[in-house]
Amino acid sequence: MEQRKIMNIRNWIAYLLGVCIIQFGVAIFLELNLGSDPFTIFTQGVARTFEITPGMANRILTVIILGILLFCDRRYINIGTIVAIIGAGFVMDGMLVLVEPLKLETLPMVVRIVLFILNCGVIGIGFPMMKLSGLGLAPNDIIYMTLVEHLDKPYSVVRMSVDTVYLVLGFLMHGVVGIGTVICIMCLGPIMGLVMKHIEKYILMLLGKENAYYQ
């Protein structure tokens with residue numbers, strides 16, 4: 001019982017750290033003002049259109065997506081999904097407050113591009129922490145897996161299709177689309193995959209689940 005309690009605490013620490021790391025990465029994307037991943041552009045567009053914070057826009061969008069998932073497929077919904085909806089937006093707003101004084105937008109373009117690429121790796125650290133905790137993912141991450149199963153299409157096709165919808169809607173609502181968007185499309189997946197490949201075993205070890213890495 002005591003060991004299980006320790007495992008649960010470790011899982012929650014990993015999950016919450018993952019949320020913070022990812023939202024820090026999102027804040028960096030927004031402050032660099034080079035464009036970002038399609039869902040962040042969509043979030044930014046909603047925030048600008050309705051004159052709300054990006055965090056509030058994130059909460060609204062994830063609640064809507066959760067509603068869709070409740071009708072389509074509830075299997076991937078877990079306690080962490082609800083926590084992400086409630087807390088991720090607040091964490092994003094907090095991270096924006098921390099990052100804004102750095103004035104990243106004023107840096108030379110080359111420096112901003114390098115920081116943007118490195119930041120893809122930052123998100124690549126946060127995502128497996130959430131995933132491997134076993135507590136669930138945010139609705140906007142779950143929807144990809146749900147559509148892959150329901151449509152019987154490859155993940156890459158589903159991801160590109162959904163991201164195209166996010167991108168178009170975000171652009172129409174004045175989200176920032178720029179060179180960063182191209183970098184995200186070309187680099188975010190591969191960089192995240194590379195980082196995750198090298199750190200997942202260490203995260204599992206910290207969670208006491210190292211045997212799962214070899215299964």
Side-chain angles (χ1 to χ4, degrees), residues 14-15 18-26 29-30 35-46 54-55 57-89 91-92 119-173 175 177 180-197 199-200 203:
Y15 180 86
V19 170
C20 291
I21 291 170
I22 289 173
Q23 297 310 319
F24 175 76
V26 170
F29 278 152
L30 291 173
S36 55
D37 66 280
F39 186 74
T40 300
I41 291 171
F42 187 24
T43 300
Q44 187 181 45
V46 171
N58 179 275
R59 289 193 290 278
I60 291 171
L61 291 174
T62 50
V63 166
I64 292 172
I65 294 173
L66 177 64
I68 295 172
L69 290 171
L70 286 172
F71 283 102
C72 297
D73 194 339
R74 304 181 184 184
R75 288 177 300 158
Y76 293 106
I77 298 174
N78 204 336
I79 182 65
T81 307
I82 308 304
V83 172
I85 292 173
I86 297 172
V91 176
M92 182 195 298
N119 193 49
C120 293
V122 172
I123 293 179
I125 295 172
F127 184 77
M129 294 181 76
M130 289 181 66
K131 174 188 171 187
L132 297 175
S133 72
L135 296 172
L137 297 170
N140 50 297
D141 292 316
I142 293 174
I143 197 166
Y144 297 117
M145 294 182 289
T146 300
L147 288 175
V148 166
E149 292 190 7
H150 281 266
L151 300 177
D152 194 27
K153 298 292 184 182
Y155 178 84
S156 57
V157 173
V158 171
R159 176 92 196 201
M160 289 180 64
S161 300
V162 175
D163 281 355
T164 299
V165 174
Y166 288 153
L167 180 61
V168 171
L169 291 175
F171 176 75
L172 292 175
M173 290 188 283
V177 178
T181 309
V182 178
I183 295 173
C184 269
I185 293 172
M186 294 178 62
C187 299
L188 184 58
I191 291 176
M192 281 183 62
L194 181 64
V195 173
M196 287 169 62
K197 178 181 177 181
I199 71 167
E200 278 192 347
I203 295 173

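Heavy atoms only: backbone and side chains are in, while hydrogens, waters and symmetry mates are out.
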Run the numbers on Phe39 and Val162 for side-chain contact (heavy atoms from CB on, under 4.5 Å), then give the verdict. CA-CA 9 Å; Phe39 186 74; Val162 175; over 6 Å; no
Stepwise, does the side-chain contact (heavy atoms from CB on, under 4.5 Å) test hold for Phe29 with Cys120? CA-CA 9 Å; Phe29 278 152; Cys120 293; 4.1 Å; yes
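Pairs passing the salt bridge (charged side-chain N to carboxylate O under 4.0 Å, His left out) check and including a residue from residues 129-147, sequence neighbours excluded, read Lys131-Glu200.
Applying the side-chain hydrogen bond (donor to acceptor under 3.5 Å, both in side chains) test to Asn140 and every residue at least two apart in sequence or in another chain returns nothing. In this structure Phe24 satisfies the ring pair (Phe, Tyr, Trp, His ring centres under 6.0 Å) test with no other residue, sequence neighbours excluded. Residues forming a side chain to side chain contact (heavy atoms under 4.5 Å, CB included) with Gln44 (at least two apart in sequence, or on another chain): Leu30, Arg48, Val176. Under the rule for a side-chain hydrogen bond (donor to acceptor under 3.5 Å, both in side chains), the partners of Asp37 that lie at least two apart in sequence or sit in another chain are Thr40.
Lys153 places none of its side-chain heavy atoms less than 4.5 Å from the side chain of Leu147.
Smallest separation of non-hydrogen atoms from Ala84 and Tyr15: CB-OH, 3.4 Å. Nearest heavy-atom pair across Cys20 and Val91 is CA-CG1, 4.0 Å. Across Ile199 and Pro128, no two heavy atoms sit closer than the pair CD1-CG, 3.9 Å.
Distance check, rounded to the nearest 0.5 Å: OG of Ser133 to CG of Asn78 gives 8.5 Å. Taking CE from Met130 and CD1 from Ile22, the interatomic distance works out to 5.0 Å, rounded to the nearest 0.5 Å. Summarising the geometry, atom CG belonging to Leu132 is positioned 9.0 Å from atom CZ belonging to Phe127; distances are rounded to the nearest 0.5 Å. Note that OH of Tyr166 is 12.5 Å distant from CD1 of Ile41, once rounded to the nearest 0.5 Å. To the nearest 0.5 Å, atom CG of residue Leu172 and atom CZ of residue Phe42 are 10.0 Å apart. To the nearest 0.5 Å, atom CG of residue Leu167 and atom OG of residue Ser36 are 9.5 Å apart.
In the displayed structure, Tyr144 atom OH is contacted under 6.0 Å by more than 12 heavy atoms of other residues, nucleotides or ligands.
Looking only at distances, no side-chain donor or acceptor of Thr81 sits under 3.5 Å from a matching main-chain atom of Ala138.
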Result block: side-chain N/O donor-acceptor pairs under 3.5 angstrom for residues 62-72, not counting sequence neighbours:
{"from": "Thr62", "atom 1": "OG1", "to": "Asn58", "atom 2": "O", "distance (Å)": "2.8"}
{"from": "Thr62", "atom 1": "OG1", "to": "Arg59", "atom 2": "O", "distance (Å)": "3.1"}

